[in-house]
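Keep in mind that this is a model prediction, so the values were computed, not measured. A, B, ... follow the sequence lines: proteins, then strands. Residue 1 opens every chain.
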Amino acid sequence: MPELPEVETIRQGLRSHVVGSRILSVEVSHPRVLRNQPGGEDELRGLTNGWEITGVQRRGKYLWLTLGDQNTPVSHALLIHLGMSGQVLLKDSPTEGHRHLRVAFTLENHQGDQRHMWFVDQRMFGYVTALEVVPDPHGQGFIPESMPHIGPDLLEPALALGSPTRVETNRAIRRSKRGIKAVLLDQCVISGIGNIYADEALWRTRLHYARPANRLSAGHVEELLQATTAVLNEALRAGGTSFDALYVNVAGEQGYFERSLQAYGRCDQPCYRCGSVIVREVFMNRSSFRCPRCQRRPRVTR
DNA sequence: ATGCCTACCTGGGAGC
DNA sequence: TGCTCCCAGGTAGGCA
């Protein structure tokens with residue numbers, strides 16, 4: 001599933017191959033992935049055709065290409081959210097299509113070479129939208145106008161150790177009565193964390209998913225933030241987590257962090273710390289994996 | 001306002 | 001063999 005490390009892997013792959021290229025054409029093969037584009041396919045085409053890709057940015061799981069020209073490097077943006085199963089694939093000269101191809105962009109670089117950028121998405125929880133940009137409330141520069149409510153992520157400067165935003169984020173987490181995992185997954189507080197890395201970070205800090213966030217100390221929350229950052233960085237170094245062919249980088253290659261997972265997906269297997277058997281439970285209608293000994297259920301629930 | 005619940009979507013696998 | 005059901009989960013929106 002694409003969470004921050006997977007999206008960042010894709011961002012890095014895109015950055016080195018598409019920045020400086022111009023979008024020549026767009027072909028949409030399934031309208032659902034344009035559901036957030038008010039003017040539909042015509043609007044998408046109008047905001048992309050002929051524009052140069054000037055950068056590739058990311059916040060949390062949100063990925064966008066900045067589009068512009070010589071006078072205005074960031075005029076607007078092409079936002080891509082991968083949802084559950086989205087992929088961005090680069091093809092020099094595709095010999096065959098893809099079963100789940102949803103949008104195909106044809107690009108041309110300064111040398112006149114053409115390349116194809118495909119948005120592929122089996123389950124179609126993902127989407128593509130061309131839209132205006134607004135000043136970034138968490139840093140310099142601009143972000144797509146639909147996402148000011150998205151919180152900063154743990155790998156960006158806004159949340160650096162000791163920064164005012166980090167202090168405020170720590171407080172924001174401890175203001176919530178929700179279980180700590182619900183807060184970790186709330187993209188408005190911190191972005192980029194999904195079900196897999198939330199379980200990993202909770203295992204590392206020996207926290208139960210239902211521990212009320214407002215009963216944690218500032219120090220404990222800081223410890224959790226550091227453990228989460230470490231997990232994200234380690235996964236990024238491994239190129240992300242691929243359970244199946246649903247997550248691959250822009251070249252179609254899988255990441256190998258799955259073999260490093262210590263909690264997620266390890267139901268009925270021994271905890272690497274204490275040997276107890278990892279259990280799978282449902283929390284927020286999602287699977288949660290935890291060690292019943294290291295991550296004790298809070299004494300009073302709710 | 002806060003937090004909980006459901007719909008959206010497809011393919012793979014289990015069970016009968 | 002073939003059918004049905006369940007499960008995976010990021011996000012938006014509805015409701016108490």
Exercise. Which listed nucleotide (C/dA8, B/dG3, C/dT11) is nearest to the side chain of A/Arg286?
Worked result: C/dT11
For this session: Please work out if A/Met84 contacts a base, only the sugar-phosphate, or nothing of the nucleic acid, heavy-atom cut-off 4.0 Å.
Result: base
Exercise. Can you tell me if the side-chain N/O atoms of A/His81 get under 4.0 Å from OP1 or OP2 in C/dT11?
Worked result: yes
Exercise. Please give, in whole Å, the distance from C/dA12 P to A/Met124 CE?
Worked result: 18 Å
Exercise. Heavy atoms under 4.0 Å, any strand shown: does A/Tyr62 hit a base, just sugar-phosphate, or nothing?
Worked result: sugar-phosphate
Exercise. Between B/dT6, B/dG3, B/dT10, which one does the side chain of A/Arg178 approach most closely?
Worked result: B/dG3
Exercise. Rounded to the nearest Å, what distance is computed from the NE2 atom of residue A/His149 to the C1' atom of nucleotide B/dT2?
Worked result: 17 Å
Exercise. Ignoring hydrogens and angles, are the base of C/dA8 and the side chain of A/Arg123 linked by a donor-acceptor pair under 3.5 Å?
Worked result: yes
For this session: Round to a whole Å and report the spacing from CG of A/Leu82 to P of C/dG10.
Result: 12 Å
Problem set entry | Nucleotide nearest A/Ser287 when distance is taken to its side chain, options C/dG10, C/dA8, C/dA12 | C/dA8
Exercise. In whole Å, what is the span from the CG atom of A/Asn36 to the P atom of C/dG10?
Worked result: 17 Å
Exercise. Hey, would you say the A/Tyr247 and A/Phe257 ring centroids sit under 6.0 Å apart?
Worked result: no
For this session: Side chain of A/His100 only, please: which of B/dG3, B/dG11, C/dG10 is the nearest?
Result: B/dG11
For this session: Kindly say whether, by distance alone, the side chain of A/Arg99 makes a donor-acceptor pair under 3.5 Å with the base of B/dG11?
Result: no
Exercise. Between C/dC7 atom P and A/Ile196 atom CD1, what is the distance in whole Å?
Worked result: 18 Å
Exercise. What is the distance from atom CZ of A/Arg280 to atom SG of A/Cys267, rounded to the nearest 0.5 Å?
Worked result: 7.0 Å
Exercise. Do the rings of A/Trp51 and A/His76 sit parallel, tilted or perpendicular, given the 30° and 60° boundaries?
Worked result: perpendicular
Problem set entry | First encountered from the 5' end of DNA chain B, between A/Asn285 and A/His30 | A/Asn285
Problem set entry | Heavy-atom side-chain proximity of A/His81 to A/Asn36 below 4.5 angstrom | no
Exercise. With sugar-phosphate meaning primed atoms plus P, OP1 and OP2, does A/Ser85 contact a base, only sugar-phosphate, or nothing at under 4.0 Å between heavy atoms?
Worked result: nothing
Problem set entry | B/dT2 OP1/OP2 closer than 4.0 Å to side-chain N/O of A/Arg175 | no
For this session: Tell me what A/Asp121 touches on the nucleic acid: a base, only sugar-phosphate, or nothing, going by heavy atoms under 4.0 Å.
Result: nothing
Problem set entry | Aromatic ring pairing A/Tyr264/A/Phe289, orientation class (parallel under 30°, perpendicular over 60°, tilted between) | perpendicular
Seminar exercise, completed: When rounded to whole Å, the CG to P distance for the pair A/Leu246 and C/dG10 reads 13 Å
Exercise. Closest nucleotide of DNA chain B for A/Ser176 versus for A/Met284: which of these residues is on the 5' side?
Worked result: A/Ser176
Exercise. Distance check: side-chain N/O of A/Arg32 vs OP1/OP2 of B/dC9, anything under 4.0 Å?
Worked result: yes
Exercise. To the nearest angstrom, how far is A/Leu185 atom CG from C/dG10 atom C1'?
Worked result: 9 Å
Exercise. Can a side chain N or O of A/Arg280 be found less than 4.0 Å away from OP1 or OP2 on C/dA8?
Worked result: yes
Seminar exercise, completed: Winner on side-chain proximity to A/Glu3, out of B/dT10, C/dA8, C/dG10, is C/dG10
Exercise. Looking at A/Gln187, does any N or O in its side chain come under 4.0 Å of the phosphate oxygens OP1/OP2 on C/dT11?
Worked result: yes
Exercise. Given atom CZ of A/Phe283 and atom P of C/dG10, what is their separation to the nearest angstrom?
Worked result: 14 Å
Exercise. Run the side-chain hydrogen bond (donor to acceptor under 3.5 Å, both in side chains) check on A/Tyr62 and A/Gln187 step by step: do they pass?
Worked result: CA-CA 10 Å; A/Tyr62 292 75; A/Gln187 306 298 301; over 6 Å; no
Problem set entry | A/Arg171 with A/Glu168: basic N within carboxylate O range, under 4.0 Å | yes
Problem set entry | Nucleotide nearest A/Tyr127 (side chain, heavy atoms from C-beta), chosen from B/dA7, B/dC9, C/dA12 | C/dA12
